[in-house]
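Naming: A, B, ... by sequence-line order, numbering from 1 per chain. Computed from a predicted structure; not experimentally measured.
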Amino acid sequence: MNKYRTHTCNELRKDNNTEKVILSGWVNKKRDHGNLLFIDLRDNYGITQCLIDKENSNFKKLEKIQLETVIKIKGNVVQRSKESINNEISTGEIEVIIENFDILGECRELPLPVFSDQEYSEEIRLKYRFLDLRRKKIHENIILRSNVISFIRNEMIKYGFLEFQTPILTSSSPEGARDFLVPSRLNPGKFYALPQAPQQFKQLVMVSGFDKYFQIAPCFRDEDARADRSPGEFYQLDLEMSFVEQEDVFKVIERLFVNIFKKFSKKKLLFSKFPTISYKESMLKYGNDKPDLRNPLIISDITEIFFRDDVSFEIFKKLVKTGSMVRCIVTKDTKDKPRSFFDNIDRWAKEQGASGLAYFTLEKNDEISAKGPVGKFFTKEALELLMSKTGAKIGDSFFLACGKKNDLEKITSLARDKIAKDLELIDESTFAFCWIVDYPMFEKDIQSNQIKFSHNPFSMPQGDVDKINFDKPLEILAYQYDLVCNGVELSSGAIRNHIPDLMYKLFNIAGYSKSDVDQKFSGMINALSYGAPPHGGIAPGIDRIVMLLANEKNIREVTMFPMNQNAQDLMMNAPSNISESQLKELNLSLKVKK
RNA sequence: GGGGGUGUAGCUCAGUUGGUUAGAGCGAUCGCCUGUCACGCGAUAGGUCGAGGGUUCGAGUCCCUUCACUCCCGCCA
């Protein structure tokens, strides 16, 4: 026992009746009845109702105390009468009658109320983050985050992984996102980069013979923010294993994630063995590589229908002849939906920059026909073919989009979400995990028309290494995988390429010469030529895991001290100007654009 | 770099077609109230309507410029 408290604000029960206690905490709420004053005292653990009446000489002083002042009270625990028990709080069966009190920390007038369910502007919340963090919801989110991280750490150690730290000041690498740079005082004109991920280090750890590594690793990428992407820094569970195949990594992650999500969420897991979907299949059926499998809608390619003579939908037919494709989404049993339902979706698609979504509904009077603005363009035979291709039945509706592959994927992907939302098809009480596999090693940059790595340049290409056809680089698949949950990309990983010769060949395709590779990736390429084990790994994003568990849409709700969208810390005033002497020491001069 | 949204009291917001002195709830200050748990009641203070310019007899409201925050696109191996 110390001088501040005998109990926390969430400890006292009716068994403590008549005990003398000391409590310390924040004044959460006052209810002043003039001759009787209730004070809800709050700490990290909970709330205890304290009261004082005018007979006590401290009454006047306590009556005037500001909310959020930190006080210490000395008093007696009493059991509440039956009528005055508060079932909302776990100390609700008792209250503490205050004998005397001390102010431990004064509080000025608050810029934002702490005890309130109202929402506040991000600006004020971030500036006064220490007040914001006292509020129930976000306080619990941050505690959840802490619990999730220590659970992960324990699990990983249980699975035989070793935790290591890797450097924060490292070298800039040409691939990937923009780097955060740090000037070197001892090496004038040279810069460190903050790691975008400990990618090369973790591979070096494997080459060093440590077998299984993990780290809760900070990662730094100087890219623009999104709701689910902090500017600057985020955390990954970085892990790597030697002598493994893709399936071995999956096993570790599935075990870990099933355990995490069962422990920290009441929602059901749709799969405990996560389904694997190839990149190609995912792009067709879902229009993206992070499908929300809670959504039952599937996209089908029906381009070939538009080559038939008995289909007279001329706008689409003309586009198809010039290389466009047609894809559709079928909704089950929507024949009775009002016209406005369909028109809303069509209008919405136009707002997304598409040319709209054509639609019709299958019906059958004497024979099968299509009802809707474009229904008349399809004969009975064409409709029957569509039904067999898509599994559609009488009463179902078709939404059709036509366009070039990329645009088509984009709009059908968005439409799949939009239609499912409108029809309330998504079960919010489940988590649906899946693996996306078989990523292409390379892709063509649309603007420059050059071949570049589509994912991670250190990934191992699939197939027999001797038989890889380097003349058709776009056909090379990689042992590269993403973990996806409810449409959120949680993680990327790969079996790594540990063969230097193969590395040179692949980098050559992406436009890097041997000497480029030797220079830019010197540490790693060098290490790989001194006996490197086959290895692979993955790096799930901690922030996004906690977002899913806390049911939050914004990453700042699970981040203690986040920056705003312009990468500024409004509480600490970062970034800030530095002195002339600091610049001089670093051999830097500034040319700020006006 | 581009597009959308927002900006009115310390906080959350309302403010009609452009029309007299810009409102409410919470908070603050003062007063009343002994069983509340979002306690209740009464009063008072608090405003460069984000900033600048314009149209108009008259602008919180319309137009232009600009700033801040936010969401999205680009970007994120």
Side-chain angles (χ1 to χ4, degrees), chain A residues 28-42 47-56 59 63-64 66-68 78 80-89 91-92 95 97 107-128 131-132 173-179 196-197 199-200 219-232 234 351-353 410 414 439 441-443 445-447 452-459 478 480 482 489 492-494 506-507 510 512 520-521 539 541 553-554 556 563-566 568 570:
Chain A
N28 192 57
K29 192 76 193 165
K30 287 187 299 184
R31 288 176 296 279
D32 187 354
H33 291 238
N35 293 311
L36 178 70
L37 171 68
F38 294 95
I39 288 182
D40 288 341
L41 197 67
R42 183 196 75 237
I47 286 178
T48 302
Q49 174 167 285
C50 306
L51 72 159
I52 187 167
D53 76 13
K54 66 169 180 193
E55 302 305 322
N56 189 305
F59 183 80
E63 215 180 9
K64 297 283 172 242
Q66 289 278 350
L67 296 183
E68 294 305 309
V78 296
R80 296 201 204 181
S81 67
K82 223 176 210 160
E83 314 79 64
S84 59
I85 287 174
N86 181 354
N87 291 314
E88 305 281 307
I89 55 175
T91 59
E95 57 199 355
I97 295 174
C107 181
R108 299 197 296 201
E109 188 177 343
L110 294 164
L112 65 102
V114 171
F115 177 69
S116 169
D117 291 331
Q118 264 178 25
E119 297 203 22
Y120 306 100
S121 73
E122 297 258 358
E123 201 172 357
I124 204 109
R125 292 181 60 193
L126 294 183
K127 183 165 179 193
Y128 296 97
L131 290 177
D132 191 37
S173 74
E175 283 285 319
R178 201 177 292 114
D179 284 317
Q196 295 185 24
Q199 180 65 36
Q200 294 189 59
C219 302
F220 305 90
R221 296 177 191 175
D222 187 3
E223 296 298 333
D224 288 354
R226 289 288 183 277
D228 63 350
R229 203 166 81 198
S230 286
F234 63 97
E351 282 166 14
Q352 304 305 307
K410 198 172 275 176
L414 290 171
Y439 276 85
M441 189 82 211
F442 300 100
E443 64 187 11
D445 189 279
I446 298 169
Q447 284 168 351
K452 58 171 203 174
F453 289 109
S454 68
H455 243 72
N456 183 323
F458 306 121
S459 300
Q480 165 85 48
D482 274 13
E489 183 194 320
S492 255
L506 295 169
F507 268 95
Y512 294 88
K520 303 249 163 76
F521 306 100
K553 295 257 182 305
N554 194 302
R556 292 184 293 274
M563 296 199 284
N564 70 8
Q565 199 170 43
N566 293 323
Q568 297 159 342
L570 299 174

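- The shortest distance between side-chain heavy atoms of F38(A) and H33(A) falls below 4.5 Å.
- Checking C75(B), A38(B), U36(B) against the side-chain heavy atoms of Q49(A) singles out U36(B) as nearest.
- Rounded to whole Å, the distance from CZ on R178(A) to C1' on C75(B) is 7 Å.
- Rounded to whole Å, the separation between the C1' atoms of G10(B) and G46(B) comes to 9 Å.
- Remark: the N456(A) side chain and the Y439(A) side chain contain no N/O donor-acceptor pair separated by less than 3.5 Å.
- Using atom C1' as the reference point in both A14(B) and G7(B), the two lie 15 Å apart (nearest Å).
- Using a 4.5 Å cut-off on side-chain heavy atoms (C-beta onward), N564(A) and E122(A) make no contact.
- Protein atom CD of E88(A) is 15 Å distant from nucleotide atom P of U36(B), rounded to whole Å.
- Contact annotation for F38(A): base contact, defined as any heavy-atom pair under 4.0 Å involving a base atom.
- Under a 4.0 Å N-O distance rule, the pair K29(A)/D40(A) does not qualify as a salt bridge.
- For C57(B) and G15(B), the C1' atoms lie 23 Å apart once the distance is rounded to whole Å.
- Judged by distance alone with a 3.5 Å cut-off, no donor-acceptor contact links the side chain of R108(A) to the base of G10(B).
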Salt bridge (Lys or Arg N to Asp or Glu O under 4.0 Å) assessment of R108(A) paired with E68(A): CA-CA 9 Å; R108(A) 299 197 296 201; E68(A) 294 305 309; over 6 Å; no
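- C37(B) atom P lies 11 Å from atom CZ of F115(A), rounded to whole Å.
- Projected onto RNA chain B by closest heavy-atom contact, Q565(A) and E175(A) fall at different nucleotides, the more 5' of which corresponds to Q565(A).
- Partners of F453(A) by ring-ring contact (aromatic ring centres under 6.0 Å, His included), not counting sequence neighbours, listed by chain and number: F442(A), F507(A).
- Base pairing annotation: G1(B) forms a Watson-Crick or G-U wobble pair with C73(B), both donor-acceptor distances under 3.5 Å.
- For N566(A) and C69(B), the shortest distance from a side-chain N or O to OP1 or OP2 is below 4.0 Å.
- Phosphate contact (OP1/OP2 of G74(B), side-chain N/O of R226(A), threshold under 4.0 Å): absent.
- Across the P atoms, U12(B) and C69(B) are found 16 Å apart, a figure rounded to whole Å.
- The distance from atom CD1 of I85(A) to atom CD of E95(A), rounded to the nearest 0.5 Å, is 10.0 Å.
- With hydrogens and angles left out, the side chain of E119(A) and the base of U12(B) share no donor-acceptor pair within 3.5 Å.
- One finds no side-chain N or O of N554(A) lying less than 4.0 angstrom from the OP1 or OP2 phosphate oxygen of U70(B).
- Stacking is found between H33(A) and the pyrimidine-like six-membered ring of the C39(B) base under the 5.5 Å centre-distance and 30° plane-angle cut-offs.
- In this structure, R31(A) does not reach the U36(B) phosphate: none of its side-chain N or O atoms is under 4.0 Å from OP1 or OP2.
- The pair R229(A)-D224(A) does not count as a salt bridge, with every side-chain nitrogen at least 4.0 angstrom from each carboxylate oxygen.
- The P atoms of U8(B) and G52(B) are separated by 15 Å, rounded to the nearest whole Å.
- For the pair R556(A) and S454(A), nearest-nucleotide mapping onto RNA chain B gives the more 5' position to R556(A).
- Judged by distance alone, with hydrogens and angles left aside, R229(A) brings a side-chain donor or acceptor within reach of the base of C76(B), the pair sitting under 3.5 Å.
- On a pure distance criterion of 3.5 Å, no polar donor-acceptor pair joins the side chain of R125(A) and the base of C69(B).
- Remark: U20(B) base-pairs with no nucleotide; criterion is Watson-Crick or G-U wobble with both hydrogen-bond distances under 3.5 Å.
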Please list, for nucleotides 25-32 of chain B, all pairs of protein and nucleotide N/O atoms separated by less than 3.5 Å.
unit_1	atom_1	unit_2	atom_2	d
U29(B)	OP1	Q66(A)	NE2	3.3

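- Rounded to whole Å, the separation between the P atoms of U17(B) and U61(B) comes to 15 Å.
- Under 3.5 Å, the side chain of E123(A) and the base of G7(B) form no donor-acceptor pair of N or O atoms.
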